[in-house]
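Beneath this line is the structure, given in structure tokens, with notes to follow.
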Amino acid sequence: MATQEEINATRRKIEQLSAQHSNDVRKLLQLIDGGAIKGKAANTLTRDLEGFDAGLKSVFRRALALVDEARPDKV
């Protein structure tokens, strides 16, 4: 089992990774919107990124829910 400090650190790390992921996806979409990729390829990549984003956000929500269920060791 984990201590409360370890549980809190895990929560912060998951939140950090989630924010980093969101920033990365947003930057990629900005590149596409800025014309780095055009046409059908841009449309396909945008759809793929949006699907990837939704899926990973779901994973992060589930991970946070599991952390919220964790109970610290009694010392």
Side-chain angles (χ1 to χ4, degrees):
M1 295 297 280
T3 65
Q4 186 62 52
E5 292 80 22
E6 291 169 326
I7 293 169
N8 294 342
T10 300
R11 174 172 255 298
R12 285 190 304 273
K13 185 63 176 180
I14 293 168
E15 290 169 343
Q16 175 191 13
L17 290 170
S18 178
Q20 179 182 341
H21 159 75
S22 293
N23 289 335
D24 290 346
V25 169
R26 187 172 38 257
K27 287 177 187 177
L28 286 168
L29 290 171
Q30 287 172 347
L31 284 172
I32 295 168
D33 289 342
I37 301 173
K38 297 180 181 183
K40 186 177 179 182
N43 295 337
T44 300
L45 185 54
T46 297
R47 280 192 310 276
D48 288 350
L49 281 169
E50 290 168 349
F52 174 71
D53 185 43
L56 206 48
K57 281 181 181 179
S58 177
V59 170
F60 286 128
R61 279 192 301 273
R62 180 67 180 134
L64 288 171
L66 290 171
V67 169
D68 288 343
E69 294 174 7
R71 300 289 175 244
D73 283 340
K74 293 184 180 177
V75 180

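Rounding to the nearest 0.5 Å gives a distance of 11.0 Å between CG of D33 and CG of L28. The NZ atom of K13 sits 7.5 Å away from atom CD of Q20, with the distance rounded to the nearest 0.5 Å.
Residues that satisfy the side chain to side chain contact (heavy atoms under 4.5 Å, CB included) test with I37, not counting sequence neighbours, are A41, A42, L45. Applying the salt bridge (Lys or Arg N to Asp or Glu O under 4.0 Å) test to R12 and every residue at least two apart in sequence or in another chain returns nothing. The side chain to side chain contact (heavy atoms under 4.5 Å, CB included) check on E50 picks up T46, with sequence neighbours excluded. Under the rule for a salt bridge (Lys or Arg N to Asp or Glu O under 4.0 Å), the partners of K57 that lie at least two apart in sequence or sit in another chain are D53.
Counting only residues at least two apart or in different chains, side-chain hydrogen bond (donor to acceptor under 3.5 Å, both in side chains) contacts with residues 60-69 comprise R11-D68. Listed by first then second residue, pairs satisfying ring pair (Phe, Tyr, Trp, His ring centres under 6.0 Å) with a partner in residues 35-58 read H21-F52, not counting sequence neighbours.
The hydrophobic clustering, which links ILVMFWY residues whose side-chain heavy atoms are closer than 4.5 Å, places L17 and L56 together.
Side-chain contact between E5 and N8 is absent, with no heavy atoms from C-beta onward closer than 4.5 Å. Counting heavy atoms from C-beta on, the side chains of R26 and L29 never come closer than 4.5 Å.
The minimum heavy-atom distance between L49 and V25, with the atom names listed, is O-CG1, 4.4 Å. Summarising the geometry of A70 relative to I7, their closest heavy-atom pair is CB-CD1, 3.9 Å, with the distance given to 0.1 Å.
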